[in-house]
Trainee: 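If you scroll down you'll find the structure; I have some questions about it.
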Amino acid sequence: MITVSFPDGAKRQYDAGVTPLAIAESISKGLAKKAVAAKVNGGWWDLSRALEGDAALALVTRDSAEGLEVLRHDAAHVLAQAVQDLFPGTQVTIGPVVDDGFYYDFYRAEKFSSDDFEKIEARMREIVDLDLPILRKVWGREQAIAHFKAIGEEFKAQIIDDIIPEGEAITVYSHADQWADLCRGPHLPSTGRLGKAFKLMKLAGAYWRGDPKNPQLQRIYGTAWADERQLADHLHRLEEAEKRDHRRIGRQQGLFHMQEEGRGMVFWHEKGWTLWRTIEAYMRRRLEAAGYTEVKTPQVLDRVFWEKSGHWEKYRENMFVCETVEEETLSLKPMNCPGHLQIFKFGQRSYKELPIRMAEFGACHRYEPSGSLHGLMRVRAFTQDDAHIFCREDQIEEEVAAFIRLVRVVHGDFGLQAAHVNLGTRPEKRAGDDAFWDKAEGMMANAARMAGIEPVIAVGDGAFYAPKLDFIVKDAIGREWTCGTIQLDYVLPDRLGAEYIGEDGAKHKPVMLHRAILGSFERFIGILIENYAGTFPLWLSPVQVTVATITSDADAYAEQVAAALRAAGLRTEVDTRNEKINFKVREHSLARTPVIAVVGRKEAEEGKVALRRLGGEHQQVMSLEAAVAALAREATSPDLR
RNA sequence: GCCGCCGUAGCUCAGUGGUAGAGCGCGUCAUUGGUAAUGACGAGGUCGGGAGUUCAAUCCUCCCCGGCGGCACCA
């Protein structure tokens, strides 16, 4: 007999060799049905794998996050079997679980097409219906390599050879005797338990082990859920997210466009640019209040300059380089930092001036790989809300902490919820010894704690010269975006010879903090469009009020109303077209105008306006003065409230 | 950059080996209507670009460009 203890503290006796599935059945039929795997003494365990000794057992059910992972992993295996059944000669590689689903990478000379999905899904459903038992076997290393080589699975053999450490048990899971895959597990007791709430989603290319020098594989993505309802919900969420796509809304609302002669470059139309300028004016005020000064540095600088900064050597591939008729070689700036250092170095600096917080809305150009471009999210010409804080080492923590507080306020003002803060620690390839990194990472973590935040450690994610903090926010539908960063830098000030005179009269090197809150205006506006789904709050909306007339008798009065609103700083348009009010209301509502001020003969006579809020069903009739005052108050930027 | 898919009117999309269609939008005219579509008429396309096959290509083939989804990249 063995003793099995449960998460709630209960203990029960079973015969040795009992399986978690049998235990689940002994507790309740429902539990047994919902179970997909188990945790034994904290580690994953198959439901059908016998327990030989005392154990702490937790059953994992299909409706839990961990249970879904097991399901998805099995879905990947069933996909792989289906593909190999239908397309003999296809080699399998790996098939992990990802957010919302799974994928499997295949190697096959012929191309898959999404037209094949239907056939593959049908075969997957057959495999589920067959309810094949999933069997776990432990093999010796040589046996496993020999087996996979013998059946032509070169990639699998390579995984064992290269990735799995000597001495580690090699487990193979099979679907009855039909199909087998190298896998760590755990897996369901049989394929029937997977259910049919899965769907193949898309086809993509991927490199074997992520390296472009390796063979190109074909990746099939799928999604899988505990039941049909969850699958339907997921597909619905995808549709909703697509409706928020900033490229679509940007076109619909006339915010911006891009065209092929300027890949990765944005043509900002009037409304989009208004949004930009509103954000910029807001940021300028926030920065000024936080003790920043603003500068502007050249767009194009000589090659020699970039050689000194190190960019010519390290960043050349991403730079837009141009030649002049006088045979100079110049480059558009990919970053603002070297420029800011020139301003710092101009004349002599005293420790009394530090910290210097030097901001620039710096327009940068980077030659990004063509395949990485994506709407406003990844562009080749962008404007950073950049700043560099030059300070003494003992000022770092305080500056970083103050920055974190500023970031939080700004993100909140744009309706973005703080998710977490990542501390990127020492990468493999790095400058500086361990003592330096210990100290630098410690300072960043400390600063975060000073601002009331426990950072999440992102191992190896730091810059090569120092650690950084990245700020992750959540948008209105729960998607996460990395927005805002602060990076420590001892290297560049040194390399470009920045110094200040200390209290002791000697020269010292300043430390530099690179930081951005929005990142780039382009990307941030893209995020905002998706966060608000194009329905911007009043203070941000490119058009805040549209004055719409009912009859042409009110045209003159409408202009008067608009003039009063504009005088109060409200971005106002007038619609005196010869159209019915229904038509105008519909059109301006679809255009997401926050306020429609309707004026007809009655309002003109009484000096009133009828305000209709976007999405609202009622109108508020009030005097023009009252409307102007109310709207002006509501439209106030959050930093001025 | 690599792999796959896609490219028809301003937008969303249908369609055929015999030089094209819808809805919305746009223009003109009529209509002055009280809170989510007034009606009539009209204009608008080298079917992404180039080459090839064919009596004939928007349709088939190849190359190029671009878009989309991934991968890789993001000192």
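Just so it is clear: chains get the letters A, B, ... in the order the sequence lines come, proteins before strands, and each one is counted from 1. Remember, predicted model here, so these are calculated numbers, not experimental data. The figures here come from the full heavy-atom set of this structure, side chains too, leaving out hydrogens, waters and symmetry mates.
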Trainee: Heavy atoms under 4.0 Å, any strand shown: does A/Lys584 hit a base, just sugar-phosphate, or nothing?
Mentor: nothing

Trainee: Any chance the rings of A/Phe256 and A/His269 have centres within less than 6.0 Å?
Mentor: no

Trainee: With ring centroids as reference points, do A/Tyr107 and A/Phe155 lie under 6.0 angstrom apart?
Mentor: yes

Trainee: Hey, which of A/Phe436, A/Tyr465, A/Trp437, A/Phe464 is the one that makes ring pair (Phe, Tyr, Trp, His ring centres under 6.0 Å) with A/Tyr490?
Mentor: A/Phe436

Trainee: Using a strict 4.0 Å threshold on nitrogen-to-oxygen distance, state whether A/Glu522 and A/Arg378 make a salt bridge.
Mentor: no

Trainee: Using a 4.0 Å heavy-atom cut-off, does A/Ile550 contact any base of the nucleic acid, only the sugar-phosphate backbone, or nothing at all?
Mentor: base

Trainee: Run through RNA chain B and report every stem of 3 or more consecutive Watson-Crick or G-U pairs, distances under 3.5 Å, ordered by first number.
Mentor: B:1-7 with B:65-71, B:10-13 with B:21-24, B:26-30 with B:38-42, B:48-52 with B:60-64

Trainee: When you measure from the side chain of A/Arg612, which nucleotide among B/rU12, B/rG69, B/rU35 comes out closest?
Mentor: B/rU35

Trainee: Is any side-chain N of the basic residue among A/Glu110 and A/Arg108 closer than 4.0 Å to the acidic one's carboxylate O?
Mentor: yes

Trainee: A/Glu368 and A/Arg263: salt bridge (charged side-chain N to carboxylate O under 4.0 Å, His left out), yes or no, with the steps?
Mentor: CA-CA 10 Å; A/Glu368 301 287 356; A/Arg263 298 187 70 188; over 6 Å; no

Trainee: Please encode protein proximity along nucleotides 37-48 of chain B as a string of B, S and -, counting only heavy-atom distances under 4.0 Å.
Mentor: BB----------

Trainee: Nearest to the A/Arg601 side chain among B/rU35, B/rU32, B/rA36, which nucleotide is it?
Mentor: B/rU32

Trainee: Look at the rings of A/Phe403 and A/Phe471 and say which category their plane angle falls in: under 30° parallel, 30 to 60° tilted, over 60° perpendicular.
Mentor: perpendicular

Trainee: Does A/Arg247 have a side-chain nitrogen or oxygen under 4.0 Å from the phosphate oxygens OP1 or OP2 of B/rC11?
Mentor: no

Trainee: Are A/Glu307 and A/Arg303 close enough for a salt bridge, meaning some N to O gap below 4.0 Å?
Mentor: yes

Trainee: Measuring from A/His246:NE2 to A/Arg251:CZ, what's the distance to the nearest 0.5 Å?
Mentor: 11.0 Å

Trainee: Counting the atoms with a prime plus P, OP1 and OP2 as sugar-phosphate, which does A/Leu590 contact under 4.0 Å by heavy atoms, base, sugar-phosphate, or nothing?
Mentor: base

Trainee: In B/S/- notation, 5' to 3', how is nucleotides 70-75 of chain B contacted by protein heavy atoms closer than 4.0 Å?
Mentor: BBBBBB

Trainee: Which one, B/rG33, B/rU35, B/rG66, comes nearest to the side chain of A/Arg263?
Mentor: B/rG66

Trainee: Would you indicate whether the side-chain heavy atoms of A/Val83 and A/Ile220 approach each other to under 4.5 Å?
Mentor: yes

Trainee: With a 4.0 Å cut-off, would you call A/Asp245 and A/Lys243 a salt bridge?
Mentor: no

